[in-house]
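The next block holds one structure in the form of structure tokens; read it before the comments.
No experiment lies behind these values; they were computed from the predicted model shown. Any value given below was found using the heavy atoms of this structure, including those in side chains, with hydrogens, waters and symmetry copies removed.
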Amino acid sequence: MTKITLKDVARKAGVGTATVERVVNGRGGVRPETVEKVFLAVRKLNYRHVMPEAHRGLVRIEVVLVRPETNFYSRMNQAFERITALLDHSIVVHRTFARENDPADFAHYIAKPKNRRSALIVVAPDHPDVVTSVRQAAALGIPVIQIMTRPAPELPYVGIDNYAAGRTAAYYMSRMQAGKAGPFVALCHSGAYENHRERIRGFSDYLDEHADGEHAFVEVMFDFDDEHNTIELLRNALRRHPNVIGVYSAGGDNVAVASVLRNQRTRMAFWVGHELSDQTRSYLREGIMSVVLDQVPEIQARRSIDLTLKALGLIDVDVSTEPVRFLTVTPQNV
């Protein structure tokens with residue numbers, strides 16, 4: 001094999017040979033952005049040189065998540081933490097929780113980061129300002145990966161097929177209640193997230209396509225994953241539709257839904273929800289929850305990091321771009 005030289009690294013990085021020599025020998029006096037270019041060129045060309053300890057954390061991957069209090073994002077955050085511990089010391093994964101209820105602040109943070117970033121992994125609300133800022137970040141030439149939700153369809157995405165998840169919820173709810181007539185209702189956070197809208201669309205489309213006169217989708221409620229909102233909305237819906245036999249919670253409102261349905265045991269609505277947790281496990285065992293669709297945030301975190309490292313040229317392996325397979329959990333396999 002041809003021996004890689006400093007000139008090769010310089011050509012790959014688009015800088016002078018003297019600059020490369022200063023970087024690889026830790027002489028200083030080079031801008032961080034240029035140091036990163038040299039480092040990436042060294043890695044891509046497999047240049048046989050140990051980078052100085054001073055370059056620890058040189059490649060900074062920023063992960064922007066929301067709602068740290070929820071089980072799902074707590075699991076995802078912990079997954080990123082575990083992955084970070086296994087990465088090369090030159091790579092750091094910085095995790096930030098942004099305020100989803102303040103799109104202007106969210107967009108400003110994406111557009112004006114406090115520190116230099118080499119790549120961005122983001123859970124982005126589908127708000128015009130936020131989507132614009134995500135696209136602007138990608139236009140700077142850094143890898144941008146959307147995780148969980150995909151408001152900018154042209155950018156890479158890691159997550160489940162949410163439309164298929166909604167269809168799956170309707171499939172189980174209608175097939176497992178064949179011969180039992182009654183309407184279905186659904187709850188989700190809001191229209192702010194593309195993934196929730198896709199779940200509700202899939203749920204509705206399946207029921208429209210398989211209308212049999214027994215089941216009708218009569219109402220969708222936006223609860224913003226607020227426990228008090230969920231309880232009030234669902235109780236009122238059950239009063240308006242006393243013959244409801246199916247409830248689909250497409251968001252993260254499981255505790256509130258359980259508190260309402262636990263008092264409705266006389267009719268035992270078929271409940272499909274998302275995310276496996278200690279709570280949903282207990283609801284399945286208790287018999288008030290029927291099916292949980294879990295979107296395995298651990299796999300989403302690992303794949304988003306792998307896609308980022310590949311885009312940066314730090315790994316040379318195939319990374320699947322197919323939707324992450326969600327898991328179906330029932331009382332029988334919990």
Side-chain angles (χ1 to χ4, degrees), residues 61-84 93-110 113 120-127 129-131 133-134 144-152 157-160 162 165-166 186-200 220-234 248-259 273-281 283 292-305 324 326:
I61 301 171
E62 183 164 27
V63 179
V64 180
L65 305 175
V66 296
R67 287 183 282 159
E69 74 282 359
T70 64
N71 175 264
F72 176 83
Y73 287 110
S74 175
R75 283 174 61 188
M76 181 171 280
N77 183 45
Q78 291 170 13
F80 277 116
E81 185 175 9
R82 290 192 295 270
I83 293 166
T84 302
V93 178
H94 179 76
R95 306 181 308 282
T96 298
F97 284 92
R99 295 183 296 172
E100 63 176 352
N101 59 349
D102 189 343
D105 184 67
F106 198 121
H108 182 267
Y109 184 82
I110 298 298
L120 174 65
I121 299 171
V122 59
V123 177
D126 195 2
H127 184 280
D129 292 344
V130 175
V131 178
S133 69
V134 170
V144 174
I145 309 294
Q146 300 171 106
I147 189 168
M148 260 288 291
T149 186
R150 191 178 193 174
Y157 163 72
V158 172
I160 67 170
N162 288 287
L187 300 107
C188 73
H189 178 275
S190 66
Y193 286 95
E194 174 266 352
N195 58 332
H196 289 161
R197 294 201 306 272
E198 284 296 285
R199 292 175 191 177
I200 295 299
V220 59
M221 296 158 277
F222 300 119
D223 58 16
F224 297 92
D225 285 354
D226 178 271
E227 183 173 353
H228 298 294
N229 286 345
T230 302
I231 290 173
E232 183 177 1
L233 288 168
L234 185 53
Y248 176 39
S249 52
D253 40 25
N254 294 318
V255 173
V257 174
S259 70
H274 284 261
E275 315 319 339
L276 189 63
S277 65
D278 290 342
Q279 292 168 331
T280 54
R281 284 188 182 92
Y283 302 151
V292 169
L293 303 177
D294 186 68
Q295 53 187 326
V296 281
E298 296 80 8
I299 293 179
Q300 294 191 41
R302 177 74 261 182
R303 191 177 295 180
S304 64
I305 290 291
V324 171
F326 54 85

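Counting heavy atoms from C-beta on, the side chains of I305 and I121 come closer than 4.5 Å. No side-chain heavy atom of R199 sits under 4.5 Å from any side-chain heavy atom of C188. Taking the side chain as every heavy atom from C-beta outward, H196 and T149 never approach each other to under 4.5 Å. With contacts defined as side-chain heavy-atom distances shorter than 4.5 Å, the pair R281/L276 qualifies.
Surrounding CD of E298 are more than 12 heavy atoms belonging to other residues, nucleotides or ligands, all under 6.0 Å away. Summarising the local packing, NE2 of H94 is surrounded by more than 12 heavy atoms from other residues, nucleotides or ligands at distances under 6.0 Å.
Only one option out of H274, E275, R75 pairs with Q295 in a side-chain hydrogen bond (donor to acceptor under 3.5 Å, both in side chains); it is E275.
When all heavy atoms are compared, the tightest approach of A301 to I147 is N-CD1, 4.2 Å. Counting all heavy atoms, side chain and backbone alike, S190 lies closest to F222 at CA-CD2, 3.5 Å. A165 approaches L293 most closely through the heavy-atom pair O-CD1, 3.5 Å. In plain terms, the two heavy atoms of L233 and M221 that are nearest each other are O-SD, 3.3 Å. Closest heavy-atom contact between A256 and I231: CB-CG1, 3.8 Å. The two atoms that bring V66 and Y73 nearest to each other are O-CG, 3.2 Å, heavy atoms only.
Distance check: M76 CE to T70 OG1 gives 9.5 Å after rounding to the nearest 0.5 Å. One distance of note links OG of S304 with CD1 of I83; it measures 6.5 Å at 0.5 Å rounding. N254 CG to Y283 OH: the interatomic distance, rounded to the nearest 0.5 Å, is 7.0 Å. The structure places CZ of F326 at 9.0 Å from CG of N162, a figure rounded to the nearest 0.5 Å. The CG atom of L120 sits 9.5 Å away from atom CD of Q146, with the distance rounded to the nearest 0.5 Å. To the nearest 0.5 angstrom, L65 atom CG is 9.0 Å from F72 atom CZ.
Using bins of under 30°, 30° to 60° and over 60° for the plane-to-plane angle, the ring pair H189/F224 lands in the perpendicular bin.
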Pair V257-V255, side-chain contact (heavy atoms from CB on, under 4.5 Å): steps then yes or no = CA-CA 6 Å; V257 174; V255 173; over 6 Å; no

Verdict with supporting geometry, R67 and D225, side-chain contact (heavy atoms from CB on, under 4.5 Å) = CA-CA 10 Å; R67 287 183 282 159; D225 285 354; 2.2 Å; yes

Evaluate the criterion side-chain contact (heavy atoms from CB on, under 4.5 Å) for residue pair F106 and V122; output intermediate values, then yes/no.
-> CA-CA 11 Å; F106 198 121; V122 59; 4.1 Å; yes

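Side-chain atoms of D226 come within 3.5 Å of backbone atoms of N229 as a donor-acceptor pair (strictly under, hydrogens ignored). Judged by distance alone, with hydrogens and angles left aside, the side-chain atoms of D129 form no donor-acceptor pair with the main-chain N or O of P103 at under 3.5 Å. No donor-acceptor pair closer than 3.5 Å links the side chain of R95 to the backbone N or O of V63.
Side chains of Y157 and E194: no donor on one and acceptor on the other come within 3.5 Å.
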